[in-house]
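Reading through the structure tokens given below for one structure.
Every heavy atom of this structure was used, including side-chain atoms; hydrogens, water molecules and symmetry mates were not.
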Amino acid sequence: MKVYDSNNLRNIAILGHSGCGKTNLIEAIAYTANLTSKIPQLSDKTNMTYSMGLVPVEYNGIKYNLLDTPGYFDFCGDVISSLRACAAAVIVIDATNPIQVGTEKSLEFTENMPKIMFINKIDNEKARYKDAIDMLREKYDKKIVPMIIPEYKDKQFVKLHNILDNLQEAYDGDFEQQVLAIKEGLMELVAESDDAYLDKYFSGEEFTEEELQKGITIGIKRGDIIPVICGSTINNIGTKEILETLESYIYPGHIDSDAPFRGQVFKTMVDPFTGKMSYIKIIEGTLKKDMEVIDITQDKKEKISNIYTTLKGNLDELEEAKAGDIVVVTKVGDLKTGDTIAAKPDAVPLDPIELPKPQIYYAILPKNKGDEEKIASCLNKVSEEDPTIHWYRNPETKQTLVGGQGELHINTIKKQMKEKYGVDFDLEDIKVAYRETIKGSSDVQGKHKKQSGGRGQYGDVKIRFSRSTEDFDFSEEIFGGSVPKSYIPAVEKGLRDSMQKGILAGYPVTNIKAVLYDGSYHDVDSSEMAFKTAASIAFKKGMQEAKPILLEPIMKLKITVPEEYMGDVMGDINKRRGKILGMEPDDKGKQVIFAEAPQSETFKYAIDLRAMTQGRGQFEMEIEKYEEVPGQIAKKIIEEAQNN
């Protein structure tokens with residue numbers, strides 16, 4: 001593929017609900033551009049898109065870098081990353097269904113960028129074009145501009161009579177009148193793009209072709225004009241119009257191809273054969289083969305040995321690429337998603353790519369003994385490809401935890417790890433990291449005395465225990481040398497070691513204050529070990545007498561939902577032993593609920609929230625504090641721990 005100038009480059013993200021026809025649209029566009037000899041058919045089986053795909057298409061001297069994005073919101077990280085590299089988006093809408101969750105998400109993701117709506121499957125007898133237009137107009141009002149495809153206007157239909165039926169229904173049968181109304185609405189929007197145009201419009205003058213072009217371009221860029229094209233991917237209707245609309249009205253923006261090179265890694269993939277592939281959007285300047293660059297984010301030098309685009313699913317080598325283009329580089333080991341790379345060390349870093357935090361966690365249980373290190377290595381690769389995956393080892397529960405956006409996300413990662421790296425494991429529920437503490441206070445003696453021939457062991461301590469706001473607060477009030485100074489660190493060590501396992505259910509102990517105030521020692525038999533053991537004895541006694549309790553982690557939740565689901569969501573939080581702290585509207589017409597709930601009640605919250613809100617709710621969660629477990633629940637937890 002040849003090298004294109006910046007003005008002849010368009011980066012376009014294709015978004016929509018799963019099954020709406022995104023991949024088919026790209027295939028139909030590729031057919032229109034003579035990249036393939038086959039248009040998609042109804043009988044063709046398309047794989048579910050779980051990660052971004054790059055498909056460059058050359059048409060009328062323009063290179064379109066089309067980014068095929070996943071339709072399932074479990075894989076929204078790739079959608080967000082793809083949009084960072086694009087000047088505009090095409091949102092594909094399935095005309096045979098009511099507006100779907102994935103469509104709503106796509107509209108949210110592209111709120112502040114130019115976009116085109118493509119209403120697909122318009123030739124299907126179940127298509128409801130008018131409903132789709134009404135939904136879009138409800139959200140965007142007069143910004144929605146249906147584009148009349150010439151073939152429709154001339155009514156040249158033989159096999160595609162369903163399209164005509166849909167359009168006539170949408171226009172209440174008066175097709176020509178509605179075409180005029182659409183053109184008049186468009187003229188108003190063009191007029192609003194420039195004060196001079198507005199004066200011309202009110203004076204009754206017609207716009208020139210050049211003024212129309214400029215006005216529509218400005219309107220689309222501002223988001224004041226949103227073109228809507230209807231068509232059919234399987235009959236290749238509307239694809240040419242999409243390309244021409246992108247060519248005429250979507251521009252790459254301010255790009256300086258003569259400036260020093262600067263770009264951003266927006267996607268990482270790891271191929272078992274090719275190795276690591278980094279997808280880079282060139283922001284400024286020109287990237288050339290064998291060029292040395294600076295990773296501004298990591299402050300490292302890197303050499304870009306080869307530059308590629310993709311062609312029919314394979315890597316196609318380029319000598320160079322200019323500002324505005326998307327390229328692939330391989331075998332640059334330390335590059336990470338979000339990194340800014342540049343020719344100059346003082347280049348301004350680009351904003352990081354803000355990705356969602358994990359919504360759900362599972363514990364990993366290796367199927368084969370000794371696979372722990374292999375699994376860790378694979379998880380590193382997987383999380384590099386998809387930074388919305390997060391994993392870590394919990395030292396308290398001794399579980400390896402993997403987090404993602406949902407069940408499908410986690411299960412897809414599990415499948416990929418088995419297929420790509422030969423690593424298999426089971427998923428199990430997370431264990432709660434309970435803790436133990438005391439509610440009261442105690443004053444106890446811990447005495448360790450052992451004589452069994454030879455040198456004996458002797459340590460004697462008196463310690464006051466009470467609740468502390470700190471994890472562990474140790475002090476001493478020894479007078480007269482009842483416990484020699486040299487043994488006091490051993491007492492503290494004995495207490496700290498004992499806190500690793502509480503007396504109720506064996507969970508770590510926290511928030512303890514211990515004051516060593518008296519004791520005794522033996523000139524010959526006392527030792528650090530003896531005093532450490534004495535401290536351990538005192539700890540167990542002290543815990544027992546100071547009203548020991550079980551603590552559980554309490555999560556802070558920020559839940560965003562459409563208003564109609566507020567009642568169900570708030571009621572559900574109450575059922576989870578949680579409490580609502582407050583609520584407020586966000587800037588997208590939704591409500592944000594702030595709440596707290598025990599961790600044990602929230603492990604599967606992502607699944608339940610989706611069910612309650614039909615996929616329209618989302619949340620963030622983090623540990624806020626520890627609180628006492630209610631009596632009956634604590635009793636059950638302690639019994640289970642003792643039985644195990």
Side-chain angles (χ1 to χ4, degrees), residues 395-396 432-452 455-552 626-644:
E396 289 188 34
V432 180
Y434 293 107
R435 291 182 184 171
E436 299 180 24
T437 191
I438 53 175
K439 289 178 75 173
S441 58
S442 59
D443 187 336
V444 298
Q445 180 180 21
K447 192 170 187 179
H448 176 59
K449 184 177 180 182
K450 190 174 182 182
Q451 191 73 43
S452 56
R455 182 177 175 178
Q457 296 181 37
Y458 186 90
D460 177 26
V461 293
K462 292 182 179 179
I463 302 175
R464 293 192 298 268
F465 290 97
S466 59
R467 185 77 174 262
S468 172
T469 55
E470 298 177 25
D471 183 43
F472 179 55
D473 180 1
F474 175 78
S475 61
E476 54 90 7
E477 299 174 357
I478 296 295
F479 296 99
S482 57
V483 176
K485 294 286 186 186
S486 59
Y487 293 142
I488 291 175
V491 174
E492 182 178 358
K493 181 72 165 59
L495 293 174
R496 286 187 181 276
D497 288 352
S498 298
M499 288 176 67
Q500 300 302 309
K501 196 171 182 180
I503 64 166
L504 292 176
Y507 291 105
V509 177
T510 188
N511 302 120
I512 295 289
K513 181 177 182 180
V515 180
L516 171 65
Y517 70 91
D518 201 0
S520 61
Y521 72 100
H522 190 278
D523 288 335
V524 177
D525 292 344
S526 287
S527 66
E528 289 184 357
M529 182 57 71
F531 271 95
K532 187 178 173 185
T533 304
S536 176
I537 294 168
F539 176 82
K540 289 174 183 174
K541 279 186 184 179
M543 282 283 293
Q544 196 68 54
E545 294 179 17
K547 299 178 183 175
I549 58 170
L550 202 62
L551 299 176
E552 64 181 340
Y626 275 78
E627 286 185 352
E628 182 178 356
V629 180
Q632 285 301 112
I633 298 173
K635 183 180 177 183
K636 185 179 177 182
I637 294 166
I638 292 166
E639 286 175 356
E640 287 178 359
Q642 290 172 346
N643 290 335
N644 292 332

I need the [X] [atom1] to [Y] [atom2] distance, nearest 0.5 Å.
X: S536; Y: M499; atom1: OG; atom2: CE; answer: 12.5 Å
X: I549; Y: R435; atom1: CD1; atom2: CZ; answer: 13.5 Å
X: Q457; Y: H448; atom1: CD; atom2: NE2; answer: 4.0 Å

By side-chain hydrogen bond (donor to acceptor under 3.5 Å, both in side chains) - contacts of [X] (at least two apart):
X: E627; result: K625
X: S466; result: none
X: E436; result: none
X: T533; result: none

Give the minimum heavy-atom separation between [X] and [Y], together with the two atoms involved.
X: S486; Y: E528; result: O-OE2, 4.1 Å
X: A538; Y: V461; result: CB-CG2, 4.1 Å
X: A534; Y: G459; result: CB-O, 3.5 Å
X: D525; Y: G456; result: OD1-N, 3.0 Å
X: S442; Y: G542; result: OG-O, 2.9 Å
X: L551; Y: V629; result: C-CG2, 3.8 Å

Assess whether side chain to side chain contact (heavy atoms under 4.5 Å, CB included) is satisfied between M543 and I512, documenting all intermediate values.
-> CA-CA 9 Å; M543 282 283 293; I512 295 289; 4.1 Å; yes
Taking only residues at least two apart or on different chains, which pairs with a member in residues 467-488 satisfy ring pair (Phe, Tyr, Trp, His ring centres under 6.0 Å)?
->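 Ring pair (Phe, Tyr, Trp, His ring centres under 6.0 Å) check on residues 467-488 returns Y487-F531.
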For K635, salt bridge (Lys or Arg N to Asp or Glu O under 4.0 Å) partners two or more places apart =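 Applying salt bridge (Lys or Arg N to Asp or Glu O under 4.0 Å) to K635 gives none.
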Listed partners of Y521 passing ring pair (Phe, Tyr, Trp, His ring centres under 6.0 Å), at least two apart =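 Per chain and number, Y521 pairs via ring pair (Phe, Tyr, Trp, His ring centres under 6.0 Å) with no residue.
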Tell me, please, which residues at least two apart from Y434 pass ring pair (Phe, Tyr, Trp, His ring centres under 6.0 Å).
->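 If we apply the ring pair (Phe, Tyr, Trp, His ring centres under 6.0 Å) test to Y434, skipping adjacent residues, the hits are Y507.
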Which residue pairs pass the salt bridge (Lys or Arg N to Asp or Glu O under 4.0 Å) test with at least one member in [range], sequence neighbours excluded?
range: residues 534-549; value: none
range: residues 491-504; value: E492-R496, K493-D497, D497-K532
range: residues 467-489; value: R464-E477, E476-K485

Check: I463 and L495 side chains under 4.5 Å, non-hydrogen atoms =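 Yes, close enough: below the 4.5 Å cut-off.
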Look at the side chain of T437 and the backbone N and O of T510, then say whether any donor-acceptor pair between them is shorter than 3.5 Å.
->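 Yes.
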Determine which pairs satisfy side-chain hydrogen bond (donor to acceptor under 3.5 Å, both in side chains) with at least one residue from residues 511-520, sequence neighbours left out, and list them in order.
->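 Passing the test, one end in residues 511-520: D443-Y517, Y458-S520, D460-S520, S482-D518.
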